[in-house]
Every structure is written in structure tokens, then in C-alpha cells.
Amino acid sequence: MSSDSDDELSNLMQFLYTCPVGLVDFDASGTIGLMNPKAMQLMQVLTATPHVSNFFSAFERCGPELRNLAQGFTGRRGTVCENRRVFVREGIVDDASGATVLDCTMVKLSDERFIATLSDVSRQVAQERRLRQAEVWFSSLLDGADDFDVLSLDGAGRIDGVKAGLLEETGLPRDAVIGRTLDVFDCPDADGAASDVVGKIALARRDGWYLDEGWRRVKGGERRWCQRLIVVKSDRDRDSGERSLERAASGYVAVLRSTTRQTFDAAKLRRLLQTDHLTGACNRAHFFEVAERELRQGPYRGQVLSVVAMDVDHFKRINDTHGHAVGDEVLKAITAACQGVLDPADTFARLGGEEFVAMVATDLAGASAKAEALRARVAALEIPSAAGPLRVTASFGCATVSASVRSMAALLAEADRALYSAKHAGRNRVGIAEGVAAVA
Amino acid sequence: MSSHSAQAALIDGPDRFDFAEIRIAVLDAMTPDQVDALPYGVVGLASDGTTEIYNATESKLAGIPSSIVLGWSYFAETAQCMNNFMVAQRFEDEPEIDEVIDYVLTLRMRPTPVRLRLIKAGSCARRYLLIQR
């Protein structure tokens, strides 16, 4: 070999070794043939081990759709997905290399060969999320700049400040408003359910903001359709970004804006941001956002917090036997069933594949009772398929926050251990994390 | 002097230069020829992570000449797959290490199972990473 081509080869090697983007080459089954160090580094975060040999297996937990996308791509070659975001479980690693969101582009070269690029976009995603929150603000404020009212609420959600204009408009005396909750302005339909204003405040505290629409009263017994935005007031420096929203809520600002258009569907926007598009459960990113916040704030509110991890039994067999389309229907049916069992304040999320989790504000006994109710409901499901009604079961693991288990990663790991003991014990049952009472 | 005779000249016991046995003081006292002659990869890093030693075996395994690697940050430029809590962070956090771990490197872009020996001692400013395929 000439020395020119030696030089060329070592330049090429250096290019690949130093490349700041992960590059992976794998076959249709996901077995990795080539990868550069950056790709290895990013994928090690997924598996939490140095051993990465299969692309799809590494993404099984947090990006199972990558396998489906590659296998479902019918063209002989071409781009399978472009800049697809994969939300990696938070808390796997503590060091700076612990990416939380990966961006993946996958290209099919032949039936037996794929290449993918991976890059860490955690920072961009966090920034986008902050921008989106700001956008909600602006669209609400600027859109009807000449027709909105602002109220101030205390930490418990009681009105502690109101402008004269709103009092005049509604015909309510100041005394009838101060110290009351926001539903003092509500004017629901006769058959409408009672407004859960406490729940809405709780959601605002959880997410930093809450947006809804509804009928509000105006003077003379009339009513008007209004949008309402509730935002956490934070005394902290706004520059610290999202974190400032997560800290203690010293109070809230509520913006009421009347509108004749109902095209701006607040609920739809929220769904888009926070749900798993297949099942309608919370998505992984939203779950961790909520969970970490609850963990930080729960103790101050004297709240206990537990998680119920759920894994559909033999799901791979369902996919293999009946196809992915039926597998998807099963996941949807299970989600709907579980959401029916859980309380609205519980958070039910799909973490990836056939893995789900419910976060519940109750102790271990309460969580295991909920898990048992979920188990029974799932086992009773009959899901229609071409081969007749399908029956499925799921296994569950419960864990609760304690002095030794305080991070969401640790809590989920506890619940996972309990879940696997349930699997080992024969599936279709509930496992309880042991040893949680050991710490005072 | 050929590298083989250099290695032979140093041997005074059967295991002294083994991957698992060699001591940091011996590594640090070796001439470049002697380090090159070792049958496993040897990477020596300054306390700031700059690559100071990159032996011939490692250069051959990785497919890059030492001239590209020496003088630059090893974990940031060449071995990003070890720039994590399992390897690079340990050199930062632990005052002394001598441990062998199973690992996978992307030598010539092929995922390759290796054994890594991480060595750091209070007596020696330079940290060593030994790589056995």
C-alpha cells in the first residue's frame, strides 16, 4: 500500500473518530457493523452499559418506533426518518454526557443495510419548550390586547387582586371576589359539570401554566365565552429558565379574555405537547417533566407519591402473531382502559414499547390497590382482531417515595424490580417493592 | 535496537509486563520503543487529559498514527466513547484507580469488545489506560 493511501486512510479515520455527530451502520435486524465513537457514547446512555451491539435493541425502551419505521419502510432505499426525536429516560447517568433527547436520522441503503446519525439535542429541546410556553402567553395576550382582564391569585389559588374593570363588567362587588376562587366568574351550562378549579390550579402548578375555555358571567345575567390562562407567579430570576417555573408557587396570574372564535383549541394544543400520539397517554417527556416536579414539590405539600409500572405480558408474541397494527390497537385499548380506572389527577404515561407507568398521589397500599384494579381491567379486555377477540394481561410493579428512594430514576427502578418479580411469579399480577419501610 | 530486543532487555520476570500485572512506575519509566513493543494498547494522559503516550499497538488497532493523537485531548477528540462516567469521569473523580473492566470500543469504527485497565496513582502524575483486544 502506498504511503499516500495510508495517509488518506488515517485522515478518514480521524474524521470519523472526531466527528461530533454519531454515525451508525447496521443491518435489517439492527446488528451494528460500523459506528463511530460519538455514536457509541450516545447509545451507551440508552443502555447504561458499555455494550452496544444492536441499534434497535438499544432504542427498545425509549424509541421502539425506530424499529417499526425501518421495518415498515417499503422503498428500496431512501430516508426512513429525519430528525426524529427520541426522549431518553432521565437520570440514567449523572455526568455531562448524559443526553436526554437524541435526534435521529435514518437512511435505508438496501434491504440489508441502514445508516443513522445521532446527535444530542437536549439543550435545544429545553429551549424550545420554554419558547413554546412563552408563545402560549403571547398568543393569548396580544391576540386580544384590548380585551383582557388580569387577576392575581395567592398560593392557594384564591383571588387576592382584581382590576376595577372586571368587577364592573361582571357586576360583582370586590368583597364577593377577593378570597374566592376563580370559579366565581364561571357560568357553566345548567347541565355542565362543576368546574374543578382546584384541579386546574394544581395543573398550573404542575406545568407552569394552564389554559382553558368556558362560559364566564357578565353583568345582567348574561354570559360570554372566554379563554383563561393561569400562570405560576415566580419570584425567582426568570433567567434560570424552566426551573424557575418549577419552584414554589407563591401565587398565580390569571388572564381572562373573551373571544367569539373557538378555533384556538387550548385543549388540543396541550394534547399535542404532552401526549403519546399512538395511545393518547402522556408521553415520556411530559411524564418525566411532571414526575420530577412532583418529586420536588410533593414533600412540601405533605403529599405521598407512588408509581405503578406496567408491562404488557407477551406483547412481542402479539406483534409477531397478529402484526404491528393489532399490537397498536392493543396498546390503545389498554391505555383507554387504564385511564378509565385511574383518577384524573393521576398521570398515566407510555414510556416506550409496551411499557407504561402511572404516577399516583397515594401510599404503597393505595398504589397496589390501584394496580390491582388496573390489572383486573386489562385482563377483562376483549380486543377485536381478524382472528377473533384478543385477550391480554399485564404485570405491575409498585414503589413509593421514601428517604432512600427520592429520585424518579430510583423510584422507577424500584417499581421495575417489583414488576419483574411479578413477571417471574407468572405474570398477570402485581409486585410490591420491598424494603421501603426500612428507612425512617 | 529492534523493539523486540528492547522488550527482552526489560523482562526480568514472566508476568512483569503482562496487561494485568504491569505497574504504573514501570510503565512510566519505559522508553517510547519499549512502550511500543508491548502487545496491548497503551495510552498515557496528562492530568488535563492531553495525550502524552500513544503506543504503536494502539495506533495499529485504532488505525491512526500517534502524530494525530499526541498533544490533543484523548477523550474529547479520539475516544468519545470513553468520555463518560465509566471511564473519563472516573479518572477525574477517583484519587487512585487500578481496575480492569470489560468494554466495547469502536476501533476502526467496528464495535470491538476489549478489556480496559484504568490506572491512576498518587505517585504518578500521568494516568494510563491499557487496552487489550
Side-chain angles (χ1 to χ4, degrees), chain A residues 1 3 5-27 30-55 57-58 88 91-99 115-120 409, chain B residues 41 43 49-51 54 56-94 99-118 129-133:
Chain A
M1 203 197 266
S3 123
S5 69
D6 278 354
D7 281 353
E8 222 168 84
L9 186 62
S10 56
N11 279 337
L12 182 60
M13 283 294 168
Q14 184 186 23
F15 168 70
L16 293 167
Y17 275 117
T18 316
C19 184
V21 170
L23 305 167
V24 197
D25 170 303
F26 49 95
D27 69 14
T31 302
I32 294 169
L34 296 167
M35 74 193 303
N36 72 343
K38 187 69 190 178
M40 179 65 94
Q41 185 202 37
L42 292 172
M43 291 180 69
Q44 280 168 342
V45 176
L46 303 172
T47 58
T49 73
H51 306 287
V52 176
S53 59
N54 186 294
F55 185 81
S57 305
V88 178
I92 284 182
V93 287
D94 299 316
D95 66 319
S97 65
I115 54 176
T117 61
L118 296 172
S119 49
D120 176 4
Chain B
V43 180
T50 306
T51 319
Y54 194 76
T57 310
E58 185 55 24
S59 164
K60 219 168 94 191
L61 288 175
I64 40 174
S66 59
S67 58
I68 287 179
V69 182
L70 292 175
W72 297 96
S73 165
Y74 182 64
F75 293 123
E77 301 251 343
T78 308
Q80 294 179 73
C81 57
M82 290 189 269
N83 197 3
N84 57 28
F85 68 100
M86 292 178 272
V87 184
Q89 195 61 40
R90 292 193 58 184
F91 279 115
E92 295 306 310
D93 295 346
E94 296 175 32
E99 199 176 310
V100 176
I101 57 174
D102 287 323
Y103 209 77
V104 179
L105 296 182
T106 54
L107 296 169
R108 297 173 182 254
M109 309 310 136
R110 298 207 173 271
T112 313
V114 294
R115 291 209 304 153
L116 291 181
R117 185 167 162 215
L118 283 51
L129 191 63
L130 310 187
I131 300 139
Q132 189 173 54
R133 255 195 89 166

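What you are looking at is a predicted structure, and each value in this text was computed from that prediction instead of being measured. All chains are named by letter (A, B, ...) in the order of the sequence lines, taking the proteins before the strands, and each is independently numbered beginning at 1. What you see below is based on every heavy atom in this structure, not just the backbone, and it leaves out hydrogens, waters and symmetry mates.
Tyr17(A) places a side-chain N or O within donor-acceptor distance of the main-chain N or O of Arg108(B), the cut-off being under 3.5 Å. Put simply, the side chain of Gln80(B) never gets that close to the backbone of Gln41(A): no donor and acceptor are under 3.5 Å apart. Of the possible donor and acceptor atoms, one in the side chain of Thr18(A) sits under 3.5 Å from a partner among the backbone N and O of Glu77(B).
Chosen from Pro37(A), Gly33(A), Gly22(A), the residue pairing most often with chain B at heavy-atom distances under 4.5 Å is Pro37(A). Top candidate by heavy-atom pairs under 4.5 Å with chain A, chosen from Leu105(B), Asp102(B), Ile101(B), is Asp102(B).
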Problem - side chain to side chain contact (heavy atoms under 4.5 Å, CB included) between Met13(A) and Met109(B), intermediate numbers included - result: CA-CA 8 Å; Met13(A) 283 294 168; Met109(B) 309 310 136; 4.1 Å; yes
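Of all heavy-atom pairs between Gln14(A) and Ile64(B), the closest is N-CG2, 3.9 Å. Heavy atoms only, all atoms of each residue included: Pro111(B) and Met35(A) are closest at CG-SD, 4.0 Å.
In the model, Asn84(B) has a side-chain atom that pairs as donor or acceptor with a side-chain atom of Gln44(A) under 3.5 Å.
At a heavy-atom separation below 4.5 angstrom, chain A is approached by Ile68(B) within residues 66-76 of chain B.
Of the two parts of Ala88(B), neither the backbone nor the side chain holds a non-hydrogen atom closer than 4.5 Å to a non-hydrogen atom of chain A.
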